[in-house]
Amino acid sequence: MGKERTGLGIEEIDPEDTLDLEEVISSSKGHSRSNASEAEIKTASEKAGFPSRQPRSKRVRPKSPYTVQSNLKTRAGVKELFQEIGARLEIFDQETFERALVALLEKEKMKDLEKEFRGLIK
């Protein structure tokens, strides 16, 4: 035959230690909802350190003109140099790239492509 299972230990509970459900039910009826205003509740919750569950308002940023991604493979160290140029000029990579492109077009006297580029950035 199978093994005997151990008991749950219920039979060992003292009948004097039982929970009186009538006492629990009667004590919960005495509580009512408070009529605190929403501002009072917010103040109390902030004071107690509870975070708000309301969604944060999102800052609306203007739409970026930079929408097309262009990935380049470069020699070791060129990316860092490029980013350092942008950091010194206090501009982002996109603008650094565009300024470099304009400088190259001006240096090589490619007036037609320079005019086309300037038409794109208006």
Side-chain angles (χ1 to χ4, degrees):
M1 293 207 136
K3 295 182 179 179
E4 285 284 324
R5 290 188 177 195
T6 59
L8 296 175
I10 297 174
E11 61 280 348
E12 298 169 12
I13 295 177
D14 184 16
E16 298 297 320
D17 289 341
T18 58
L19 179 64
D20 183 13
L21 293 179
E22 291 298 323
E23 184 180 322
V24 173
I25 293 170
S26 65
S27 67
S28 68
K29 288 181 183 176
H31 297 291
S32 64
R33 294 188 99 190
S34 67
N35 293 329
S37 71
E38 194 170 318
E40 292 172 325
I41 294 171
K42 183 177 180 181
T43 303
S45 65
E46 287 173 354
K47 186 177 178 181
F50 291 112
S52 174
R53 291 188 178 181
Q54 297 298 320
R56 294 182 191 158
S57 62
K58 291 188 178 181
R59 188 173 66 126
V60 179
R61 293 189 301 177
K63 188 173 180 181
S64 172
Y66 306 106
T67 57
V68 179
Q69 185 171 344
S70 178
N71 296 321
L72 300 171
K73 286 189 177 189
T74 61
R75 293 185 180 109
V78 173
K79 178 180 177 184
E80 291 77 12
L81 180 64
F82 181 80
Q83 290 175 332
E84 179 62 26
I85 293 168
R88 289 187 186 186
L89 295 172
E90 297 180 348
I91 57 177
F92 292 109
D93 289 351
Q94 301 94 323
E95 192 172 345
T96 305
F97 177 77
E98 288 184 353
R99 285 187 181 189
L101 187 59
V102 168
L104 178 65
L105 293 172
E106 288 173 351
K107 181 183 178 211
E108 297 296 327
K109 297 180 175 71
M110 297 181 183
K111 297 286 184 193
D112 58 329
L113 294 178
E114 184 182 344
K115 183 178 178 183
E116 182 180 339
F117 176 77
R118 293 195 187 278
L120 294 173
I121 60 172
K122 285 185 180 180

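Checked against salt bridge (charged side-chain N to carboxylate O under 4.0 Å, His left out), R53 has no partners two or more places apart in sequence or in another chain. Taking the side-chain hydrogen bond (donor to acceptor under 3.5 Å, both in side chains) definition, one finds that E95 meets it with R99, sequence neighbours left out. Taking E98 as the reference, nothing meets the salt bridge (charged side-chain N to carboxylate O under 4.0 Å, His left out) condition, with sequence neighbours excluded. E114 meets the side-chain contact (heavy atoms from CB on, under 4.5 Å) test with L105, E106, K111, R118; sequence neighbours excluded. Take E108 and apply the side-chain contact (heavy atoms from CB on, under 4.5 Å) test, not counting sequence neighbours, and it matches L104, M110. Every side-chain contact (heavy atoms from CB on, under 4.5 Å) that E46 has, sequence neighbours left out, goes to K42. Listed by chain and residue number, nothing satisfies the side-chain contact (heavy atoms from CB on, under 4.5 Å) test with T67 (two or more places apart in sequence, or in another chain). Every residue meeting the side-chain hydrogen bond (donor to acceptor under 3.5 Å, both in side chains) condition with E84, not counting sequence neighbours, appears here in chain and number order: R88.
Criterion: ILVMFWY side-chain heavy atoms under 4.5 Å apart, direct or through other members. Under it, F82 and L89 are not part of a common hydrophobic cluster. The cluster map of Ile, Leu, Val, Met, Phe, Trp and Tyr, joined by side-chain heavy atoms under 4.5 Å apart, puts Y66 and I121 in different clusters.
For F92, the CZ atom is loosely surrounded, since the number of other residues' heavy atoms within 6.0 Å does not exceed 12.
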Without placing hydrogens or testing angles, list every side-chain donor-acceptor pair under 3.5 Å for residues 69-80, not counting sequence neighbours.
unit_1: Q69; atom_1: NE2; unit_2: N71; atom_2: OD1; d: 3.1

